[in-house]
Amino acid sequence: MRFSLKTLLWGILAIALAMVAAAALFPDPVAVRATPAASGPLRVSVVEDGKTRIREKYTVSAPVSGRLSRIELREGDHIDVQSLLAVILPSDPELLDQRSLAEAQARVQAAEAAVLRADSRERQAKIDFDLSRTKFERAQRLWPKNGISRDEYDIAESVMLADKQAIETAAFEAEISRFELKLANAALDQFEGEDPSVQVSPFEIDSPIDGRVLRVLEKSSTVVTVGTPLIEVGDPRNLEMEIDVLSTDAVKIRPGAEVTIEHWGGQTPLKGSVRVVEPGAFTKISSLGVEEQRVNVIADFNEPPQRIASLGDGYRIEARITIEHLDRALRIPNNALFRYEQQWHVLVVQDGTAQLRKVDVGVQNESHAEIVAGLVEGERVIEYPSDQLEPGTPVTVVAK
């Protein structure tokens with residue numbers, strides 16, 4: 001039997017058409033990576049840079065005018081109460097006028113009033129703490145019985161901790177105000193009761209606290225006037241964190257929220273908790289030149305002193321502030337979600353094909369999303385869905 005060339009060409013064309021039709025009807029499966037929807041904890045956090053700061057710092061200023069002797073202390077030196085910080089040779093009282101005397105008397109009166117205010121604040125802080133402690137103890141009894149929500153319990157605890165810290169702050173302010181009154185009285189003695197025939201004695205300034213020298217503001221011998229800042233002291237063991245966040249994130253952060261400190265220089269993260277979200281915002285220019293409204297979040301370390309002994313004032317930290325935590329949620333990776341017809345969808349592996357599925361999304365963090373409706377546990381969703389995939393496309397799942 002002989003075949004003509006025309007018949008052979010038509011046969012080849014028919015075979016090609018058959019192969020195209022077969023490929024269309026039975027396409028090769030697309031290799032995809034899929035992850036099953038699984039239940040587990042989900043934590044939503046705000047991650048921002050921050051810095052450490054000493055909670056109570058004090059700048060020692062010159063209480064009298066005169067010549068300052070060279071300050072021998074250096075940054076980092078340890079000091080105790082009554083340690084000598086600076087020495088000033090006061091100006092000759094005979095050369096001082098009545099206005100200088102009146103100013104010295106006014107400073108004593110102002111210092112006395114500051115002591116009264118500080119003592120009043122300390123008493124008020126103790127009253128507030130007693131009340132918040134009572135409320136927290138009541139919350140401790142009610143929460144196991146489902147008498148209050150977890151949020152109410154956390155708020156009661158954070159208020160108590162904030163009031164406890166307020167007592168320490170008020171006590172420090174009272175101590176400093178008494179120290180300033182002592183300096184003011186000593187300065188006034190340079191004017192009153194001095195025998196003009198007696199040489200003016202040097203004025204010694206002692207440390208008001210136990211701690212370390214943070215900064216020496218006047219290192220050389222020089223003439224200073226009343227109020228000139230000389231040296232800054234503080235206790236590095238009394239650290240807190242200052243974290244500035246976007247104002248849109250600040251409204252989600254509550255006092256008592258858990259803080260995890262990462263990339264601070266140590267091997268393991270540190271723990272802390274939010275004490276207060278400051279009520280005032282400020283404008284900050286981002287690295288991209290965009291104006292942002294930022295809010296300072298103040299947090300305390302929940303670590304023993306030896307864990308944070310290597311940190312000091314103004315050290316950089318990276319803080320992860322928890323704004324929501326679900327003990328159990330149906331989770332999928334964020335990379336499986338995409339928008340279609342203005343709603344969230346995923347592609348589900350079903351009977352060896354990709355099937356489009358609309359889902360309702362709850363809370364999200366940087367890696368996972370909570371699925372409220374549309375999926376059941378165990379169903380596999382396709383990660384990074386490509387343009388090759390359409391509803392009904394055959395797929396083969398490859399291992400990660």
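Residues Leu73 and Val213 share a closest heavy-atom pair of CD1-CG2, 4.1 Å. In this structure, Glu324 and Val363 approach most closely via the heavy-atom pair OE1-CG1, 3.3 Å. The two residues Leu326 and Ala329 come nearest to each other via the heavy atoms CD1-CB, 3.9 Å. Between Arg357 and Leu375 the shortest heavy-atom distance is NH1-CD2, 3.9 Å. Among all heavy-atom pairs drawn from Arg178 and Asp119, the shortest one is NH1-OD1, 3.1 Å. For the residue pair Met241 and Asp300, the shortest heavy atom distance occurs at CE-O, 3.5 Å.
Between Gln293 and Thr283, the side chains place a donor N or O and an acceptor N or O closer than 3.5 Å (distance only, hydrogens not considered). When only modelled atom types and interatomic distance are considered, Arg331 and Ser367 share no side-chain donor-acceptor pair under 3.5 Å. Between Glu56 and Asn238, the side chains place no donor N or O within less than 3.5 Å of an acceptor N or O (distance only, hydrogens not considered). In this model, no donor atom of one side chain and acceptor atom of the other lie less than 3.5 Å apart for Ser120 and Glu122. Checking Ser221 against Arg70 by side-chain atom types alone, no donor-acceptor pair falls below 3.5 Å.
Lys284 has its side chain within reach of Phe282: a pair of non-hydrogen atoms, C-beta onward, lies under 4.5 Å apart. With a 4.5 Å cut-off on side-chain heavy atoms, Asp244 and Val295 do not count as touching. Contact annotation: the side chain of Val372 never approaches that of Val361 to less than 4.5 Å [non-hydrogen atoms, C-beta and beyond]. Residues Thr228 and Glu218 meet the side-chain proximity criterion, which asks for heavy atoms closer than 4.5 Å. With contacts defined as side-chain heavy-atom distances shorter than 4.5 Å, the pair Val397/Arg380 qualifies. Proximity of Val30 to Thr396: side-chain heavy atoms (C-beta onward) are nowhere separated by under 4.5 Å. Taking the side chain as every heavy atom from C-beta outward, Trp264 and Ile308 never approach each other to under 4.5 Å. Between Ile332 and His368 there is no side-chain heavy-atom pair separated by less than 4.5 Å.
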Checklist line | Ile88 vs Val224, side-chain contact (heavy atoms from CB on, under 4.5 Å): CA-CA, chis, key distance, verdict | finding: CA-CA 9 Å; Ile88 300 176; Val224 296; 4.2 Å; yes

Note to self: Please evaluate residues Glu278 and Ile298 with respect to the criterion side-chain contact (heavy atoms from CB on, under 4.5 Å), reporting the C-alpha separation (whole Å), side-chain torsions for both, the decisive distance (0.1 Å), and the verdict.
What the structure shows: CA-CA 8 Å; Glu278 292 186 351; Ile298 309 302; 3.8 Å; yes

Margin query: Checking Glu303 against Lys271 for the salt bridge (Lys or Arg N to Asp or Glu O under 4.0 Å) test, could you report, in this order, the C-alpha distance in whole Å, the side-chain angles of both residues, the deciding distance, and whether it holds?
Written below: CA-CA 7 Å; Glu303 297 285 352; Lys271 297 296 183 181; over 6 Å; no

Next item on the list: Run the numbers on Ile261 and Phe301 for side-chain contact (heavy atoms from CB on, under 4.5 Å), then give the verdict.
Entry: CA-CA 9 Å; Ile261 300 92; Phe301 286 98; 4.2 Å; yes

Next item on the list: Applying side-chain contact (heavy atoms from CB on, under 4.5 Å), run through Leu270 and Leu311 and close with a yes or a no.
Entry: CA-CA 11 Å; Leu270 300 173; Leu311 290 173; 4.0 Å; yes

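In Lys57, the NZ atom is crowded: over 12 heavy atoms of neighbouring residues, nucleotides or ligands sit closer than 6.0 Å. Within 6.0 Å of NZ in Lys358 there are more than 12 heavy atoms belonging to other residues, nucleotides or ligands. The number of heavy atoms from other shown groups lying within 6.0 Å of CD (Gln388) does not exceed 12. More than 12 heavy atoms of other residues, nucleotides or ligands lie within 6.0 Å of CD in Gln350, so this atom counts as buried by the packing criterion. For CD of Glu291, the number of neighbouring non-hydrogen atoms (other residues, nucleotides, ligands) closer than 6.0 Å is 12 at most. Within a 6.0 Å sphere centred on CG of Asp351, heavy atoms belonging to other residues, nucleotides or ligands number 12 at most. The environment of CZ in Arg307 is crowded: more than 12 heavy-atom neighbours from other residues, nucleotides or ligands sit within 6.0 Å.
Taken from CD1 in Ile205 to OG in Ser83, the straight-line distance is 13.5 Å, to the nearest 0.5 Å. We find the CZ-CG distance between Phe136 and Asp163 to be 12.5 Å, quoted to the nearest 0.5 Å. Distance check, rounded to the nearest 0.5 Å: CZ of Arg294 to OG1 of Thr248 gives 9.0 Å. Taking CD from Gln355 and OG1 from Thr353, the interatomic distance works out to 4.0 Å, rounded to the nearest 0.5 Å. The line from NZ of Lys135 to CG of Asp130 is 12.5 Å long, rounded to the nearest 0.5 Å. The line from CD of Glu370 to CG of Asn365 is 11.0 Å long, rounded to the nearest 0.5 Å.
Just one residue in the list Glu258, Arg43, Arg254 forms a side chain to side chain donor-acceptor pair (under 3.5 Å) with Thr322, and that residue is Arg43.
Tracing side-chain contacts under 4.5 Å through hydrophobic residues (I, L, V, M, F, W, Y), one reaches Val44 starting from Val297; they form part of the same cluster. Residues Ile382 and Val346 are members of separate hydrophobic clusters, defined by side-chain heavy-atom contacts under 4.5 angstrom among Ile, Leu, Val, Met, Phe, Trp and Tyr. By the rule that hydrophobic residues join a cluster once side-chain heavy atoms approach within less than 4.5 Å of another member, Val233 and Ile54 end up as members of separate clusters. Under a hydrophobic clustering in which Ile, Leu, Val, Met, Phe, Trp and Tyr are joined whenever their side-chain heavy atoms come within less than 4.5 Å, directly or via other members, Leu356 and Val349 fall into the same cluster. Taken together through direct or relayed side-chain contacts under 4.5 Å among Ile, Leu, Val, Met, Phe, Trp and Tyr, Ile321 and Leu246 form parts of separate hydrophobic clusters.
The existence of a salt bridge linking Arg74 and Asp77 is excluded, since no basic side-chain nitrogen approaches an acidic carboxylate oxygen closer than 4.0 Å. Note on Arg212 versus Asp235: no salt bridge recorded, every NZ/NE/NH1/NH2 to OD/OE distance being 4.0 Å or above. The existence of a salt bridge linking Arg320 and Glu366 is confirmed by a sub-4.0 Å separation between a basic side-chain nitrogen and an acidic carboxylate oxygen. Look at Arg53 and Asp313 and you find no salt bridge, because none of the NZ, NE, NH1 or NH2 atoms lies under 4.0 Å from a carboxylate O. Looking at Arg275 and Glu240, a side-chain N of the basic residue comes within less than 4.0 Å of a carboxylate O on the acidic one, giving a salt bridge. The pair Arg33-Glu383 meets the salt-bridge criterion, since a charged nitrogen lies less than 4.0 angstrom from a carboxylate oxygen.
Between the side chain of Asp210 and the main chain of Val81, a donor-acceptor pair closer than 3.5 Å is present. Between the side chain of Thr393 and the main chain of Ala354, no donor-acceptor pair closer than 3.5 Å is present. In this structure a side-chain-to-backbone donor-acceptor pair under 3.5 Å is present from Thr52 to Gly312. Checked by atom type and distance alone, the side chain of Gln343 never pairs as donor or acceptor with a backbone atom of Tyr340 at under 3.5 Å.
Stacking of Arg339 on the aromatic ring of Trp344 is recorded, both the 6.0 Å distance cut-off and the 45° axial limit being met.
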